[in-house]
Protein chains: 2
Amino acid sequence: MQNEQGTPFSSSREPKRRPSYAVASADNALRIATWLQLEGSLTVSEAAARLGVAPSTAHRLLQMLVYRDFAVRDAGRGYRAGPVLELAGNSPSLTARLRAASLGPLRGLVAVSGDSANLVIRTGDRVRFIASVESDVALRVSTREGMVFPVERTSGGTVMLAGLPDEEVAEILQGRPEADVATVLSRLRMVRRAGVAVNLERAEEGVVAVGRAVALAGEPVAAVCLAIPSSRYRAQRLLEYDAWLRAAAEAMEAALETDG
Amino acid sequence: MQNEQGTPFSSSREPKRRPSYAVASADNALRIATWLQLEGSLTVSEAAARLGVAPSTAHRLLQMLVYRDFAVRDAGRGYRAGPVLELAGNSPSLTARLRAASLGPLRGLVAVSGDSANLVIRTGDRVRFIASVESDVALRVSTREGMVFPVERTSGGTVMLAGLPDEEVAEILQGRPEADVATVLSRLRMVRRAGVAVNLERAEEGVVAVGRAVALAGEPVAAVCLAIPSSRYRAQRLLEYDAWLRAAAEAMEAALETDG
DNA sequence: CTGCTCATTCTGCACAGCAGAAAATCCTAT
DNA sequence: ATAGGATTTTCTGCTGTGCAGAATGAGCAG
């Protein structure tokens with residue numbers, strides 16, 4: 001089976017391993033759908049190659065996705081995300097636009113920092129890693145792309161919550177009984193002053209994350225983060241990390257504005 | 001096979017019939033995902049009953065949806081839409097909130113008008129029927145729920161486009177080579193004055209639709225529409241249709257505001 | 001604490017989903 | 001405009017996947 005990951009969500013009830021009785025054909029369809037949402041267009045051949053199935057199989061799965069509005073046919077040979085994978089007002093999907101705008105700046109961030117870099121968006125009380133560029137040094141944080149974490153447990157989630165009023169934060173955290181709202185709100189006040197959030201191993205052991213918001217029309221729509229092995233993290237470099245993150249965020253914001 | 005419909009999209013290349021070589025297990029997973037997005041929470045038993053499969057089968061499919069982030073487990077026994085089916089900033093999904101807020105007013109509209117009523121949202125250059133209440137008189141327009149139409153061919157799509165600047169409309173219609181942009185823009189000027197759009201059989205033969213926008217914070221996020229058999233439509237009743245639609249739209253807007 | 005309901009796990013088997021072949025379509029180069 | 005190659009789409013035989021049902025586990029109400 002190809003390299004594939006579930007969500008490392010820490011709830012005792014939510015599976016982060018592949019289910020014991022996986023339904024492979026359903027899984028393949030869902031994987032294609034996720035690729036369409038994150039990356040834009042795919043052809044039958046590309047989908048077949050990535051899934052490791054025959055083109056006839058990929059074609060059948062894409063027909064199912066089209067039939068149920070998870071995909072639409074391009075003008076050419078490709079398929080792209082259909083209405084179910086986009087919500088009202090987005091075309092192409094904001095998620096795909098964010099991801100496309102982020103890959104260049106994330107690579108730049110990795111080049112200058114030597115550490116892995118990520119882009120996250122918030123969905124409800126979780127954040128989702130929609131783009132991930134891995135550092136190429138031996139000791140590094142591996143790709144988080146596709147993973148989902150509780151919103152308040154990540155630097156990106158924290159910095160996006162910091163852009164919201166306290167009442168709205170409290171409402172979002174209703175879906176997170178494990179989170180202490182008062183503690184989170186207190187932390188947000190510091191983050192609002194600093195403009196950047198530091199996460200000392202709260203999402204994952206051995207990983208420190210530093211995150212800054214990416215804004216579209218003044219609204220925080222995503223966050224760009226550095227993922228640093230805790231053995232390499234230096235608190236005194238925070239201003240430097242922040243400068244790099246600010247540059248990456250501004251580059252993404254500029255790309256989003258010219259994109260339309 | 002249970003009653004199920006594809007999208008009646010008119011492109012010669014896009015299937016609106018069930019695919020010839022359907023993949024049933026993928027199809028079942030996608031149907032569950034669509035229900036989660038539109039309706040909120042589902043339990044294993046509910047999913048099994050609606051699909052017509054055993055609970056063990058439904059359970060396996062839901063585990064696949066959780067694994068690939070199309071679903072998350074509720075605090076109780078239910079599953080709801082996961083991060084893939086929500087975009088950033090929505091919790092619960094705006095689509096589910098719109099649908100929940102619309103069902104009461106749609107029933108009221110059917111009661112007062114005697115015709116079927118729908119709620120649509122725009123995704124790119126299409127509109128999607130996310131809620132549908134059918135009239136119970138013998139001659140009526142049947143449910144459109146789940147269907148997707150080109151944006152400019154429906155009254156709901158037209159009235160939502162009317163809330164956008166001409167430049168943005170032209171950009172959206174780039175995905176619709178069949179649409180004459182000048183004709184659409186001309187029609188939009190009339191719709192902006194009237195506040196309501198009338199569609200004389202442009203989406204479907206024998207159906208006249210009248211639609212009005214539903215706004216959230218001043219933005220048109222959806223449209224509420226009456227679907228009237230063309231034999232029963234009376235142009236001189238347009239002010240009456242408009243008054244009913246306006247009342248339904250205002251009721252939905254009020255429900256959305258109190259919901260948060 | 002008990003009983004009921006629902007969720008979850010496990011297993012044998014039938015048929016659905018697979019790959020491969022063939023046909024059709026599309027795109028690019030000449 | 002035509003030809004060739006690449007890709008998509010359709011069709012079919014076969015096998016292993018996904019199904020239902022049984023058994024077990026979990027949760028909730030009385």
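In what follows, chains carry the letters A, B, and so on, assigned in the order in which the sequence lines appear, proteins first and then strands, with residues in each chain numbered from 1. Side chains are part of it too, since the values below use all heavy atoms of this structure and drop only hydrogens, waters and symmetry mates. Since the structure is predicted, the reported quantities are computational estimates derived from the model, not experimental observations.
Distance, B:M64 CE to D:dC19 P: 11 Å, rounded to whole Å. Note: CG (B:L62) to C1' (D:dC19) measures 16 Å, nearest angstrom. Rounded to whole angstrom, the span from the CG atom of B:N28 across to the P atom of C:dA16 amounts to 12 Å. The nearest whole Å value for the distance from the CG atom in B:L51 to the C1' atom in D:dG18 is 14 Å. The distance between atom CG of B:L61 and atom P of C:dT8, rounded to the nearest whole Å, is 13 Å. Nucleotide D:dG18 holds its P atom 14 Å from the CG atom of B:D27, rounded to whole Å. As a whole-Å value, the separation of A:R18 CZ from C:dT9 C1' is 17 Å.
Residues A:T57 and B:E46 both approach DNA chain C. Their nearest nucleotides, taken by heavy-atom distance, put B:E46 toward the 5′ side.
OP1 or OP2 of C:dT8 sits under 4.0 Å from a side-chain N or O of B:R73. The phosphate of D:dT17 has neither OP1 nor OP2 within less than 4.0 Å of any side-chain N or O from A:S25.
Using a cutoff of 4.0 Å between basic side-chain nitrogens and carboxylate oxygens, B:R126 and A:D69 are not scored as salt-bridged.
Heavy atoms only, all atoms of each residue included: A:A26 and B:L61 are closest at CB-CD2, 4.2 Å. Across all their heavy atoms, A:L188 and A:T158 have their closest contact at CD2-O, 3.4 Å. Nearest heavy atoms, A:R153 versus A:N199: O-ND2, 2.8 Å. When every heavy atom of B:V120 is checked against every heavy atom of B:G156, the shortest pair comes out as CG2-CA, 3.9 Å.
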I'd like a list of close polar pairs between nucleotides 3-6 of chain C and the protein, N/O only, cut-off under 3.5 Å.
| from | atom 1 | to | atom 2 | distance (Å) |
| --- | --- | --- | --- | --- |
| C:dC6 | O4' | B:R77 | NH1 | 3.0 |

Check the interface with nucleotides 10-12 of chain D: list each N/O to N/O pair with the protein under 3.5 Å, or write none.
| from | atom 1 | to | atom 2 | distance (Å) |
| --- | --- | --- | --- | --- |
| D:dC11 | OP2 | B:Y21 | OH | 2.4 |
| D:dC11 | O5' | B:Y21 | OH | 3.2 |

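For the pair B:S116 (side chain) and B:V141 (backbone), a donor-acceptor distance under 3.5 Å is present. Judged by distance alone, the side chain of A:Q37 and the main-chain N or O of B:V84 form a donor-acceptor pair under 3.5 Å.
Over its full length, the helix from C:dC1-D:dG30 to C:dT30-D:dA1 turns its helical axis through 70°, comparing axes from the five pairs at each end and rounding to 10°.
Legend: residues meeting side chain to side chain contact (heavy atoms under 4.5 Å, CB included) with A:S132, ordered by chain and number and at least two apart, are A:N118, A:T143, A:R144, A:E145. With sequence neighbours left out, the side chain to side chain contact (heavy atoms under 4.5 Å, CB included) criterion links B:L200 to B:V198, B:V208, B:Y233. For B:D166, the salt bridge (charged side-chain N to carboxylate O under 4.0 Å, His left out) test picks out B:R189, B:R192, with sequence neighbours left out.
In summary, of the residues considered (A:V44, A:T43, A:D74), a side-chain contact (heavy atoms from CB on, under 4.5 Å) with A:Y79 occurs for A:V44 alone.
At the heavy-atom level, A:A22 lies under 4.0 Å from the strands shown only through sugar-phosphate atoms.
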